[in-house]
*Asks:* 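Shown below is the structure under consideration.
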2 protein chains.
Amino acid sequence: MNRKAQAAKAETPKQTDMLLRQFIGYNMKRAYLQVQEDMARTLEPLGLRVGTFSALAVIMGSPGISQTQLSEVLNIKRSGVVVVVDDLERAGAVERKPVRTDRRAYALHVTQEGSQLWKRAEAAVQAHEAALFTDLEAPEQRALQELLVRAARSAKHTREAGK
Amino acid sequence: MNRKAQAAKAETPKQTDMLLRQFIGYNMKRAYLQVQEDMARTLEPLGLRVGTFSALAVIMGSPGISQTQLSEVLNIKRSGVVVVVDDLERAGAVERKPVRTDRRAYALHVTQEGSQLWKRAEAAVQAHEAALFTDLEAPEQRALQELLVRAARSAKHTREAGK
DNA sequence: TACTTATTGTTCATTGACATAACAATCATG
DNA sequence: CATGATTGTTATGTCAATGAACAATAAGTA
């Protein structure tokens, strides 16, 4: 690094994004991107991406769920679910079982192997978040959780009302 | 909609993402996606996207900033800044002025027109967020802001330490 | 000075995570 | 049973961002 660059780095980092910090959306994006990137790195050794991790969690919690239902929970389209489930099935973590009452649909189930994978992944992400948010006390983390949930709900409300 | 689908919708929405709600990252993603989508819609009539809006804000707050510096503030690569600035320049909102002391670099400045565009955009997003978060009291919004900032900082710290 | 390394902005190809549109198979309903 | 809806799927496109290479220029060094 040359002198000019060093000097620039050394300067008190003038808050050049002052005009943006007033917005919740901006701060949310910054925080989200930080967390998301690390999450991906945490899951990679387990052969999971954030999307497949989430899908695995939902199928764990709702055995027999259909792909359409899964798409609603995850807020993605049915066509997007296909590749996610393909991925999990290829990894041997979930299987598509036929539904007796509807030959179009599949009932998604987590395999033994998938169940163990989930346990490892859950523990990994828990440990990861604990490390990531060491600067926040436990009650603060809970407060953040609750505010995020309520913010999402409020936003959803407003949008659906003003539709 | 047929009977089966109606019945499914009517059921108490079983929390099928329970296993995910424990994670800050998941709640952050949900909230972020809600907000981000609406933000884009708010800015669209003004000819701005979230990326160009942010860039405009930073250039407003730091006249003469270079593209490399801008890329650092916005956390994107220099090659990504090019298209953003191209966009803003095409819209007549900013201009690339030559730097006397360095013929490689540009000093970015907001034009008169861009300044007025910023005022309108800032007001629009302020109004939008006010409407979006009506379910949160003002102190709660401030708390969320602060927690988001600290969460991002904590995450950044941890990452840089464990690098 | 010469020359070697760094930095700036740029282009182009690629990626990832989605969405959209069309489709066959199957189901529901009047 | 005839018509319309729904399920999963494929193919295709989009959008934001990245990475690698590049010419022009600047800074550091022998």
Side-chain angles (χ1 to χ4, degrees), chain A residues 1-9 29-30 32-34 36-37 39-41 43-44 48-55 64-72 74-90 94-108, chain B residues 1-9 29-30 32-34 36-37 39-41 43-44 48-55 64-72 74-90 94-108:
Chain A
M1 191 179 283
N2 64 36
R3 272 181 206 162
K4 191 178 256 179
Q6 277 179 339
K9 279 258 169 167
K29 180 170 186 174
R30 289 197 80 104
Y32 166 71
L33 291 180
Q34 288 282 346
Q36 200 70 356
E37 193 182 325
M39 186 85 80
R41 263 206 291 276
L43 291 171
E44 199 192 354
L48 292 171
R49 284 163 296 126
V50 177
T52 52
F53 171 78
S54 302
I65 192 175
S66 75
Q67 293 188 189
T68 295
Q69 289 173 297
L70 183 54
S71 80
E72 285 159 7
L74 296 179
N75 274 313
I76 60 178
K77 298 300 168 205
R78 293 199 312 279
S79 58
V81 170
V82 175
V83 318
V84 171
V85 174
D86 280 355
D87 201 342
L88 286 171
E89 200 173 35
R90 216 175 302 117
V94 315
E95 44 188 355
R96 295 184 233 234
K97 294 189 176 172
V99 174
R100 271 172 303 286
T101 62
D102 188 340
R103 280 183 296 173
R104 294 167 304 178
Y106 289 123
L108 302 175
Chain B
M1 192 179 284
N2 64 36
R3 272 181 206 160
K4 192 176 255 180
Q6 276 178 340
K9 279 259 169 166
K29 179 169 188 177
R30 290 198 79 103
Y32 165 72
L33 291 180
Q34 289 282 347
Q36 200 71 356
E37 194 182 323
M39 187 85 81
R41 264 207 291 278
L43 291 172
E44 199 192 354
L48 291 171
R49 284 163 297 126
V50 177
T52 52
F53 170 80
S54 302
I65 192 175
S66 74
Q67 294 187 189
T68 295
Q69 289 173 298
L70 182 55
S71 81
E72 284 160 7
L74 295 178
N75 274 313
I76 59 178
K77 298 299 169 209
R78 293 200 312 280
S79 58
V81 170
V82 175
V83 317
V84 171
V85 173
D86 280 353
D87 201 342
L88 285 171
E89 200 173 36
R90 218 177 301 118
V94 315
E95 45 188 355
R96 295 184 233 234
K97 293 189 177 173
V99 174
R100 271 173 302 285
T101 61
D102 188 340
R103 280 184 296 174
R104 294 168 303 178
Y106 290 122
L108 302 175

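By convention in this document, chain letters (A, B, ...) are assigned in the order of the sequence lines, proteins followed by strands, and residues within each chain are numbered from 1. As a basis for the values below, the full set of heavy atoms in this structure was taken, side chains included, without hydrogen atoms, waters or symmetry mates.
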*Asks:* Check whether any side-chain heavy atom of Ile76(B) lies under 4.5 Å from a side-chain heavy atom of Val81(B), and answer yes or no.
*Replies:*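 Contact flag for Ile76(B)/Val81(B) side chains = yes.
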*Asks:* Start at the 5' end of DNA chain D and walk down; is the nucleotide closest to Tyr106(A) or to Ile76(B) reached first?
*Replies:*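 Going by which nucleotide is closer to the 5' end, it is Tyr106(A).
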*Asks:* Can you list every side-chain hydrogen bond (donor to acceptor under 3.5 Å, both in side chains) pair that touches residues 79-90 of chain B, not counting sequence neighbours?
*Replies:*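 Matches after skipping sequence neighbours: Arg49(B)-Asp87(B), Asp86(B)-Arg96(B), Glu89(B)-Arg96(B).
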*Asks:* Rounded to whole Å, how long is the line connecting atom NZ of Lys77(B) with atom P of dT15(C)?
*Replies:*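 After rounding, the reported distance stands at 18 Å.
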*Asks:* Taking ring pair (Phe, Tyr, Trp, His ring centres under 6.0 Å) as the definition, give me every residue that meets it alongside Tyr32(A), ordered by chain and number, with sequence neighbours left out.
*Replies:*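 Ring pair (Phe, Tyr, Trp, His ring centres under 6.0 Å) check on Tyr32(A) returns Tyr32(B).
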*Asks:* Does a side-chain N or O from Gln69(A) land closer than 4.0 Å to OP1 or OP2 of dT7(D), or not?
*Replies:*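 False: Gln69(A) side-chain N/O out of range (4.0 Å or more) of dT7(D) OP1/OP2.
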*Asks:* In whole angstroms, how far is the P atom of dG9(C) from the CG atom of Leu74(B)?
*Replies:*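 Roughly 13 Å, once rounded to whole Å.
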*Asks:* Taking NZ from Lys97(A) and P from dT7(D), how many angstroms apart are they, rounded to a whole number?
*Replies:*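 My rounded result for the distance is 21 Å.
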*Asks:* Take the protein atom CZ of Arg41(B) and the nucleotide atom P of dC15(D), then report the distance between them rounded to whole Å.
*Replies:*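 For the pair Arg41(B) CZ and dC15(D) P, the rounded distance is 15 Å.
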*Asks:* Just how far, in rounded Å, is P of dA16(D) from CG of Leu33(A)?
*Replies:*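 Spelled out: CG on Leu33(A) to P on dA16(D) is 14 Å.
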*Asks:* Can you identify which nucleotide, out of dT10(D), dA17(D), dC18(C), has its nearest atom closest to the Ser79(A) side chain?
*Replies:*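 Nearest to the side chain of Ser79(A) among the choices is dT10(D).
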*Asks:* Please state how far atom CG in Asp87(A) lies from atom P in dC18(C), giving the value in whole angstrom units.
*Replies:*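 From Asp87(A) CG to dC18(C) P: 13 Å.
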*Asks:* Can you find a pair of side-chain heavy atoms, one from Gln34(A) and one from Arg30(A), that are under 4.5 Å apart?
*Replies:*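 Gln34(A) vs Arg30(A): side chains apart.
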*Asks:* Applying side chain to side chain donor-acceptor pair (under 3.5 Å), name anything that partners Glu95(B), two or more places apart in sequence or on another chain.
*Replies:*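 Here no residue qualifies.
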*Asks:* Closest approach to the side chain of Gln67(B), judged atom by atom: which nucleotide of dA17(D), dT10(C), dT7(D) is it?
*Replies:*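 Ranking dA17(D), dT10(C), dT7(D) by closest atom to the Gln67(B) side chain puts dT10(C) first.
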*Asks:* Starting at CD of Gln36(A) and ending at C1' of dC18(C), how long is that distance when rounded to a whole Å?
*Replies:*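 About 14 Å, once rounded to whole Å.
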*Asks:* In this structure, how many angstroms lie between the C1' atom of dT10(C) and the CG atom of Leu108(B), rounded?
*Replies:*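 Result: 14 Å.
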*Asks:* Can you tell me if Arg49(B) touches the phosphate of dA16(D), counting only side-chain N or O atoms and a distance under 4.0 Å to OP1 or OP2?
*Replies:*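 For Arg49(B), the contact criterion (side-chain N or O under 4.0 Å from OP1 or OP2 of dA16(D)) is met.
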*Asks:* Of Thr68(B) and Gly80(A), whose nearest nucleotide on DNA chain C comes first from the 5' end?
*Replies:*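 The residue closer to the strand's 5' end, by nearest nucleotide, is Thr68(B).
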*Asks:* Among residues at least two apart in sequence or on other chains, which ones pass side chain to side chain contact (heavy atoms under 4.5 Å, CB included) with Arg103(A)?
*Replies:*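 By the side chain to side chain contact (heavy atoms under 4.5 Å, CB included) rule, Arg103(A) matches no residue at all.
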*Asks:* Work out how much the helix from dT1(C)-dA30(D) to dG30(C)-dC1(D) bends between its end axes, five pairs an end, to the nearest 10 degrees.
*Replies:*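 Axis-to-axis angle, ends of the helix: 20°.
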*Asks:* Within the structure provided, determine whether Leu33(B) and Asn75(A) are in side-chain contact (heavy-atom separation under 4.5 Å).
*Replies:*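 Answer no - side chains too far apart.
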*Asks:* Tell me, do Arg78(A) and Gln67(A) make a side-chain contact under 4.5 Å, heavy atoms counted?
*Replies:*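 Contact flag for Arg78(A)/Gln67(A) side chains = no.
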*Asks:* Tabulate protein N/O versus nucleotide N/O from nucleotides 21-25 of chain D, keeping only pairs under 3.5 Å, one per line.
*Replies:*
residue	atom	partner	partner atom	Å
dT25(D)	O2	Arg104(B)	NH1	3.4

*Asks:* Please find the pair of heavy atoms, one from Leu88(A) and one from Ala55(A), that lie closest to each other, and give the distance.
*Replies:*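 Nearest heavy atoms, Leu88(A) then Ala55(A): CD1-CB, 3.9 Å.
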